[in-house]
Amino acid sequence: MSQIDYIVKPGGQLSGEFRVPGDKSISHRSIMFGAIADGTTHVTGFLQGEDSLNTLRAFRAMGVKIEGPDDNGEVTIHGVGIDGLKEPEGEIDLGNSGTSIRLMSGLLSAQSFDVVLSGDSSLSRRPMKRVTEPLALMGVQVDTGEGGRPPLKISGGSVINGIDYTMPMASAQVKSCVLLAGMYAKGQTCVTEPATTRDHTERMLNAFGYAVETNANQMCIQGGGRLTACDIDVPADISSAAFYMVGASIAENSDITLQHVGVNPTRTGVIDILKLMGANIELLNERIVGGEPVADIRIRSAQLKGINVPEALVPLAIDEFPVLFVAAAYAEGKTVITGAEELRVKESDRIQVMADGLQAIGVNAEATSDGMIINGGPVMGGKVHSRDDHRIAMAFTMAGLCAKSDIIIEDCENVNTSFPDFIGIANRAGISVSILK
Ligand code: S3P
């Protein structure tokens, strides 16, 4: 694939009402749970990004008949039942997708067949011991590549047992992995999380008729149940909406409404943080769609101010920090982020890569072990590198809106993993970004 670089010209203002693509976390789970349910699951609003398509292809490779997605994001999954998956031919390549590999390691922990889960160069650098350790405690036979990294080799035929597991880090992927393995384990499996993380797995399993009980920060599931097919309406991804929330806040005279955005309280940290910074954000038309809260979100320009980001909000906004760092660069005064060391093990080291890029465009930003200190001020133009990370590429696109000159962002191919047609939507909203020829 040839390299794609973006060029952003300053001076845009954002306006209009539009819908960003479907939620990535919910899209992945709709395929996984629909595949092992009894009956036919209909999904609308499915994210047609590379990450969720990799999950879809993986389940097709394990014998599940899946129709779509069509142009409207409609997908029909003919579930094979909890024990109906078939051995795939060869290994399953999950591309860039951490959610796929970590959730599927739990789901595939006690099948009758062996399976190998692998990924691209970024995924192959990411830590997997966080899932293989609890799985091993359950009795799963799982091997990793060097240093606890992919590929994961899971041996079939294990009889596994429920555990009571306290997670060392706040991770929805680890929680989900253990709960999904728990469906195949003898007895009860409980997971305790150190801080609240996204709860889409718990909500969607309940929607498929498989009970997950939540008590404060502990979630429990009984092994040996079954899932019943249902309809899933995937809302727009708040993580994709976040770029436009920041863009419309920093670009003068902006006024946009983002339609049908998922506002699950375990995901809305970005709204809380931006409001603390002085953003003008309104939730309209709040409703519940298929067990998930949804709203239209109106954002108007505002002068942001620097804050100390409360650590409790960090896991609730974990994917939004690249663009929140950009918001801080445009804010008046100092913003301090702490307790966000998980950012170092995302698709890239998001603390280092963002600090390097911000410094390259003249921002006073200092990386710390678990966050960043940013002094707002004028943002110059220049060249930054996304390090193959979709959210870094999109964050710097917003940085270009009010910079003193053009910003060139290198290696933006992976924007497609989570946000197909990012440039088209950005252009229609009023941002001058294009592929550099
Ligand atoms: C996700 C959980 C988060 C998030 C990722 C999606 C999920 O990862 O960063 O983009 O769908 O469960 P961690 O569990 O590693 O925090």
Side-chain angles (χ1 to χ4, degrees), residues 21-33 46-47 49-52 54-55 94-107 119 122-123 125-134 148-150 165 167-181 191 193-205 212 217 219 232 234-235 237-243 262 264 266-270 292 311 313-324 339-351 370 389-392 394-395 414-415 417-419:
D23 188 279
K24 186 151 74 70
S25 294
I26 298 177
S27 295
H28 281 301
R29 288 161 173 82
S30 70
I31 298 290
M32 293 180 194
F33 304 168
F46 183 78
L47 168 66
E50 273 307 307
D51 276 9
S52 39
N54 275 324
T55 292
L94 297 165
N96 198 242
S97 179
T99 308
S100 308
I101 197 167
R102 296 214 180 97
L103 269 60
M104 285 174 62
S105 68
L107 190 87
S122 155
L123 189 58
R125 287 192 295 271
R126 295 182 66 185
M128 294 297 144
K129 278 194 187 147
R130 54 181 58 202
V131 288
T132 59
E133 283 175 356
R149 301 184 198 279
Y165 188 64
M167 292 196 291
M169 75 289 288
S171 164
Q173 292 178 353
V174 176
K175 170 176 66 176
S176 302
C177 164
V178 176
L179 291 174
L180 296 182
V191 192
E193 53 185 9
T196 303
T197 67
R198 66 190 68 192
D199 64 358
H200 304 299
T201 295
E202 298 90 300
R203 282 177 192 254
M204 203 187 288
L205 282 177
V212 180
N217 56 347
M219 295 83 208
I232 306 283
V234 182
D237 197 329
I238 189 167
S239 297
S240 297
F243 299 104
N264 177 319
T266 61
R267 296 286 299 282
T268 46
V270 62
E292 290 276 352
E311 286 195 7
L313 291 178
V314 168
L316 311 181
I318 194 67
D319 291 337
E320 287 67 73
F321 279 96
V323 80
L324 284 169
E341 58 279 352
E342 277 293 305
L343 293 176
R344 291 204 177 267
V345 291
K346 294 293 177 189
E347 286 83 327
S348 69
D349 174 345
R350 287 183 174 161
I351 293 178
D370 66 342
D389 184 330
H390 53 137
R391 299 203 199 281
I392 305 280
M394 292 186 276
N414 276 339
V415 166
T417 59
S418 69
F419 203 138

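Residues take their numbers from the sequence shown, with the count starting at 1. Atoms within a ligand are numbered from 1 in the order they appear, just like the ligands themselves. Excluded from the calculations below are hydrogen atoms, water molecules and symmetry mates; all remaining heavy atoms, backbone and side chain alike, are included.
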Short version for Arg198: what comes under 4.0 Å of ligand 1, heavy atoms counted, is side chain
the protein heavy atom lying closest to atom 11 (O) of ligand 1 turns out to be Ser25 OG, 2.7 Å
In this structure, atom 6 (C) of ligand 1 is nearest to the protein heavy atom Thr99 OG1, 3.4 Å
Purely on distance, is any nitrogen or oxygen of Arg29 under 3.5 Å from one on ligand 1? yes
- Can you find an N/O atom of Leu103 closer than 3.5 Å to an N/O atom of ligand 1? no
Residue, atom and distance of the protein heavy atom nearest atom 10 (O) of ligand 1 read Asp319 OD2, 2.8 Å
ask   = Under 4.0 Å between a Lys/Arg side-chain N and an Asp/Glu carboxylate O for Asp389 and Arg350?
value = yes
Assess whether a salt bridge exists between Arg267 and Asp237, defined as any Lys/Arg side-chain N lying under 4.0 Å from an Asp/Glu carboxylate O. yes
closest protein heavy atom to atom 1 (C) of ligand 1 is Gln173 NE2, 3.6 Å
message: Are the side chains of Ser418 and Met394 in contact, using a 4.5 Å heavy-atom criterion?
response: yes
(Q) Any atom of ligand 1 sitting under 4.0 Å from a heavy atom of Lys346? (A) yes
### pair Val323-Arg391: side-chain heavy atoms closer than 4.5 Å
no
min-distance protein heavy atom vs atom 14 (O) of ligand 1 -> Ser171 OG, 2.6 Å
For a salt bridge (charged side-chain N to carboxylate O under 4.0 Å, His left out) check, start with the C-alpha distance between Arg198 and Asp319, then their side-chain angles and the critical distance, and finish with the verdict.
CA-CA 11 Å; Arg198 66 190 68 192; Asp319 291 337; 3.1 Å; yes
Donor-acceptor pair, distance only, cut-off 3.5 Å: does the side chain of Arg126 make one with the backbone of Val345? yes
Ile318 heavy atoms within 4.0 Å reach ligand 1 at atoms 9 (O)
Donor-acceptor pair, Ser176 side chain versus Leu103 backbone, under 3.5 Å? no
